[in-house]
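Bear in mind the structure is a predicted one, so any value in this text is a computation, not a measurement. We number each residue from 1, following the sequence as shown. Note that ligands are numbered from 1 as they come in the structure, with each ligand's atoms numbered from 1 the same way.
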Amino acid sequence: MDLELGDAHRALREVAGAWVDKEVVPHAAAWDRAEAVDRAIVRKLGDMGFLGIEIPEEYGGSGGDALSYCVLLEELGRGDSAVRGIVSVSLGLVAKSIKSYGSEEQKRHWLPRLCAGEALGCFGLTEPETGSDAANLATKAVRDGDGWVLSGTKIFITNGTWAEVAVIFARTGGHGPKGITAFLVPTDTTGFTRTEIKGKLGLRGQATAELVLDGVRVPDSARLGAEGGGFTIAMSALDKGRMGVAAGCVGLARACLEASVRYAREREQFGKPIASYQLVQELIADIAVDVEAARLLAWRVADLVDRGQPFGTAASVAKLFASEAAVKAANNAIQVFGGYGYIDEYPVQKYLRDARVLTLYEGTSQIQKLLIGRALTGVNAFV
Ligand SMILES: Cc1cc2nc3c(=O)[nH]c(=O)nc-3n(C[C@H](O)[C@H](O)[C@H](O)COP(=O)(O)OP(=O)(O)OC[C@H]3O[C@@H](n4cnc5c(N)ncnc54)[C@H](O)[C@@H]3O)c2cc1C
């Protein structure tokens with residue numbers, strides 16, 4: 001694998017980096033305090049083509065490959081994980097699932113709007129009683145004439161109160177993964193209610209919601225993919241999603257590194273910049289090594305995706321390593337900042353709060369280990 005970015009990817013990194021410095025970084029702290037990212041960011045992301053990477057131009061996308069997606073998500077993650085998450089879900093989980101599994105009609109209806117930022121998508125898999133054990137979800141979809149009626153509750157859904165369309169995974173058949181079907185449900189459908197979950201530790205600006213579906217009626221044309229094929233769609237979305245989360249973690253860790261280097265050179269104790277102390281350099285060096293390693297793991301997944309090779313286990317490895325690295329990086333950054341790292345005048349306390357969820361969502365660290373262990377041993381610890 002060529003580790004040097006080519007011209008197109010380098011150009012994307014420069015454009016995305018400059019955009020993040022202008023449109024995201026100056027506002028991230030205020031959005032965090034207000035517990036609300038400015039909704040106008042969605043149209044701006046769309047105008048830049050950032051909600052259409054890897055979606056073909058004929059559906060309003062901006063083309064590009066998995067490596068482009070990683071490059072973009074690293075820059076967004078450096079700026080604000082809440083904004084990065086909006087893209088991870090609406091583009092990474094929703095638009096890409098529609099691209100891969102949608103009917104021509106579904107693609108023409110939803111993709112141009114999602115890519116332009118005229119609409120947002122959310123991904124409704126987790127339920128109050130089934131998080132890691134998603135194959136046992138309880139939301140039901142019952143056939144009714146030529147359509148379906150959906151009932152159930154989804155929890156912790158990113159973009160939940162902002163989204164125009166929700167991918168809802170519901171049980172249409174018997175127990176287990178084969179009984180699950182995916183639906184594209186417009187969120188203004190009668191019986192669909194959404195409540196924002198406030199008071200999160202991090203990603204405070206992001207709209208995370210509980211979704212309640214109470215007799216929500218959709219036509220059969222809202223079904224995404226085959227009846228009983230929903231769990232495959234969810235897992236394939238999450239495999240690629242983990243690559244994006246890993247790239248976002250690299251961005252967050254990079255922000256920790258850049259802030260720590262700057263601060264260590266400016267802050268003086270005992271008459272010298274703290275950067276001159278070896279124990280402070282160790283904190284910084286450890287972040288730097290993790291940034292490089294996590295980026296290589298994320299880009300390795302992108303390389304496999306772009307060459308059409310299996311990438312699921314590599315995505316688990318990258319997500320596991322990068323998310324744990326992001327938490328460590330943020331913790332180290334606070335150590336470099338000392339007491340100033342603990343107050344919200346400086347960004348590093350936000351980095352730690354935002355990083356903490358990265359080892360939880362899109363499969364916890366424990367679940368990634370079980371996926372890696374299953375691939376290596378052939379023994380499935382989930383049954
Ligand atoms: C901010 C945020 C945004 C989110 N966004 C979305 C979203 O957009 N869409 C969506 O569908 N979900 C979303 N989630 C949900 C997230 O994916 C789940 O929280 C996650 O999958 C874990 O599920 P759980 O919270 O029910 O924890 P549980 O599954 O109850 O896990 C609790 C603990 O038990 C461990 N554990 C569970 N099973 C095993 C096992 N077999 N072996 C070893 N350890 C195990 C876990 O690793 C964890 O440490 C979001 C969550 C948060 C916090």
Identity and distance of the protein heavy atom lying nearest [atom]:
| atom | answer |
| --- | --- |
| atom 9 (N) of ligand 1 | F123 O, 2.8 Å |
| atom 49 (O) of ligand 1 | Q366 OE1, 3.5 Å |
| atom 2 (C) of ligand 1 | Y361 CD2, 3.8 Å |
| atom 26 (O) of ligand 1 | G131 CA, 3.2 Å |
| atom 19 (O) of ligand 1 | F156 CD1, 3.9 Å |
| atom 20 (C) of ligand 1 | L360 O, 3.5 Å |

Under a 3.5 Å threshold, yes or no: a donor from one side chain and an acceptor from the other, between [X] and [Y]?
| X | Y | value |
| --- | --- | --- |
| D80 | H27 | no |
| E324 | S365 | yes |
| S236 | Y101 | yes |

Look at ligand 1 and say whether K369 reaches it with a heavy atom at a distance under 4.0 Å.
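Outside the 4.0 Å threshold, so no.
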
If the plane angle is over 60° it's perpendicular, under 30° parallel, otherwise tilted; pick one for F169 and F123.
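Perpendicular.
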
[X], portion touching ligand 1 at heavy-atom distance under 4.0 Å:
| X | result |
| --- | --- |
| T126 | both |
| Q206 | neither |
| L370 | side chain |
| T364 | side chain |

Output yes when the distance from some N or O of ligand 1 to some N or O of [X] is under 3.5 Å, and no in every other case.
| X | result |
| --- | --- |
| T208 | no |
| I367 | no |
| G124 | no |

What are the atoms of ligand 1, with element, lying closer than 4.0 Å to any heavy atom of [X]?
| X | value |
| --- | --- |
| L125 | 11 (O) |
| I157 | 7 (C), 8 (O), 9 (N), 10 (C), 11 (O) |
| E362 | 17 (O) |
| S132 | 23 (O), 28 (P), 29 (O), 31 (O), 37 (C), 38 (N) |

Heavy-atom side-chain proximity of [X] to [Y] below 4.5 angstrom:
| X | Y | value |
| --- | --- | --- |
| N331 | K328 | no |
| V165 | V185 | no |
| L114 | I98 | yes |

Y59 and W110: aromatic ring centres closer than 6.0 Å?
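Judged by ring-centre distance (under 6.0 Å), Y59 and W110 do not meet the cut-off.
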
Under 4.0 Å between a Lys/Arg side-chain N and an Asp/Glu carboxylate O for E362 and R242?
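Salt bridge flag = no for R242 with E362.
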
Electrostatic pair D344:K350 at N-O distance under 4.0 angstrom:
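Salt bridge absent between D344 and K350.
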
Take [atom] and look for protein heavy atoms under 4.0 Å from it; say yes if you find one, no if not.
| atom | result |
| --- | --- |
| atom 7 (C) of ligand 1 | yes |
| atom 30 (O) of ligand 1 | no |
| atom 34 (O) of ligand 1 | no |

Would a distance-only check, ignoring hydrogens and angles, find a side-chain to backbone donor-acceptor pair under 3.5 Å from D220 to G147?
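Judged by distance alone, no pair lies under 3.5 Å.
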
Check whether W162 forms a cation-pi arrangement with R39 (NZ or CZ under 6.0 Å from the six-membered ring centre, at most 45° off the ring normal).
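Ring-cation test returns yes.
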
Before you tell me yes or no, could you show the steps for F192 and R194 under side chain to side chain contact (heavy atoms under 4.5 Å, CB included), namely the whole-Å CA-CA distance, both residues' side-chain angles and the distance that decides it to 0.1 Å?
CA-CA 7 Å; F192 197 128; R194 307 177 279 171; 3.7 Å; yes

Just to be sure I'm reading this right: ignoring hydrogens, which of L238, V357, D354, T158 gets closest to atom 3 (C) of ligand 1? Compare them by their nearest heavy atoms.
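When every heavy atom of L238, V357, D354, T158 is considered, T158 comes closest to atom 3 (C) of ligand 1.
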
